[in-house]
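Heads up: the structure comes next, in structure tokens.
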Amino acid sequence: MIKVLNIVGARPNFMKVAPIIREMRRRGGDFLPMIVHTGQHYDARMSDSFFADLGIPEPDFHLEVGSASHAVQTARIMMAFEPVVLREKPDWTVVVGDVNSTIACALVCAKLGVRIAHVEAGLRSRDRTMPEEINRLLTDAISDLLLTTSEDADANLLAEGIPAEKIKFVGNVMIDSVFYNLEKSKSSTIREELNLEEKSYAVTTLHRPSNVDEKEVLAGLLDALVAVGEKMPVIFPVHPRTRRNIESFGLAERIENSGVRLIEPLGYLDFMRLYSGARLVLTDSGGLQEETTALGIPCLTLRENTERPITIQLGTNRLVGTNPENIKSAAFEILENDSPQNAKIPPLWDGRAAERICDALLKF
Ligand code: UD1
């Protein structure tokens, strides 16, 4: 029986950890899983609703660190997490993704000699101005078991000198959650509430500091969305950081009376119901690039780079940057072209990654 601390902190962690916890509980003779929520995200809409939608049990430990600068947030997580590790003496800590909670908890365990498994290892944007890229590089450097979602990630890790024995290609656990919940999401009434017909609207999300923290960049992106909004409604569930900046930069007027509809962040099932029926998704999210690929929905990524190239090579994703003209022409091209996409689902994005993660932990 191995005792595992599973770390969650921010919104994109919840759908990755849910299938792992479910599988560990199913194999109760082999695993004693515990959940640590760092509290990096704390709003009901950014956190609690995901526990309910995804059926994640109550966390065993809640560190309640909240928002702060990167250094302060990372340090607070480390200070609050260290006593938990000392008391619980886990055999493994499982961290997912690339948020501050990921690196903070990995660093604590590395110093205490507790084994670390990193789920979604090896992704690289090669853009070190992204906080997530720093978190990815450092977490991978100190993890004992690197569990990857695609083979390009294995190649990145090998090129950084990580021994092949530590790397295991297990597939994409986030896609486990997509397939597990797709049917359930049909009970959501979000499309009816927003009065939307399937394939007759676009969905957008924006929250990266590089896109929303500078007025000119954010204004250009909103202008591009307004142009798309002339063709069809653009539904925009707004991250708290983005909401704050739209208001403080005085940009709210730009989208007033346009086809862009700002709404509050949605829960997992409502959001799945929304994007799964969209004609087009425009986003700077990492996870949504993968989710749209899994469901064959056209996606424009409003960034200059992506750590998820497989979604472009095999899937429905296209990298268009942040120039408003480029975004508009790419969006119009998709809206005018009705032919079905030739997209493929990447290897091992099959809904069974959590099983392979558990196998890898037992075998290590
Ligand atoms: C974090 C992750 C990012 C991930 C994103 C998903 C890091 C470095 N970044 O970015 O990779 O894509 O989560 O959402 O870990 N806030 C609230 N309520 C909340 C949480 C945040 O109002 O529940 C506001 C606060 O003003 C806070 C700001 O959002 O200062 C940013 O939150 P933070 O967790 O620092 O980073 P995110 O931008 O959410």
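Counting begins at 1 with the first residue of the sequence. Every number for a ligand or one of its atoms is a count from 1 in the order of the listing.
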### Message
For Asp223, is there an ion pair with Lys328 - N to carboxylate O distance below 4.0 angstrom?
### Response
no
### Query
Salt bridge between Arg124 and Asp140, side-chain N to carboxylate O under 4.0 Å?
yes
### Query
Can we say Arg128 and Glu133 salt-bridge, meaning some charged N sits less than 4.0 Å from an Asp/Glu carboxylate O?
no
### Query
Quick one: does ligand 1 sit under 4.0 Å from the side chain of Met46, the backbone, both or neither, non-hydrogen atoms only?
side chain
#### Entry: Residues Glu333 and Arg318 bridged, charged N to O under 4.0 Å
yes
### Query
For ligand 1, which atoms sit closer than 4.0 Å to a heavy atom of Pro12?
4 (C), 6 (C)
### Summary
of all protein heavy atoms, closest to atom 11 (O) of ligand 1 is Glu132 OE2, 2.5 Å
### Query
So do Trp349 and Thr311 actually touch side chain to side chain, heavy atoms under 4.5 Å?
yes
### atom 38 (O) of ligand 1: nearest protein contact (heavy atom, Å)
Arg241 NE, 3.0 Å
### Message
Between Arg22 and Glu355, does any NZ, NE, NH1 or NH2 come within less than 4.0 Å of an OD or OE carboxylate oxygen?
### Response
no
### Query
Which residue supplies the protein heavy atom nearest to atom 20 (C) of ligand 1, what is that atom called, and how far is it?
His41 CD2, 3.2 Å
### Task
Look at atom 22 (O) of ligand 1 and say which protein heavy atom is nearest, naming residue and atom and giving the distance to 0.1 Å.
Pro240 CB, 3.3 Å
### Query
For atom 8 (C) of ligand 1, which protein heavy atom lies nearest, and how many Å away is it?
Asn100 OD1, 3.3 Å
### Summary
ligand 1 atoms nearer than 4.0 angstrom to some heavy atom of His70 are 8 (C)
### Query
Nearest protein heavy-atom contact for atom 4 (C) of ligand 1: which residue, which atom, what distance?
His207 NE2, 3.7 Å
### Query
Salt bridge or not for Glu88 and Lys3, using N-O below 4.0 Å?
yes
### Query
Which protein non-hydrogen atom lies closest to atom 25 (C) of ligand 1, naming both residue and atom, and how far is it?
Ser67 OG, 3.3 Å
### Message
Taking a cutoff of less than 4.0 Å between a non-hydrogen atom of the residue and any ligand atom, is Arg45 in contact with ligand 1?
### Response
no
### Message
Students should be able to answer this: which protein heavy-atom is nearest to atom 26 (O) of ligand 1, and at what distance?
### Response
Arg244 NH1, 2.7 Å
### Query
Can a salt bridge be assigned to the pair Glu132 and Arg136 using a cut-off of 4.0 Å between side-chain N and carboxylate O?
no
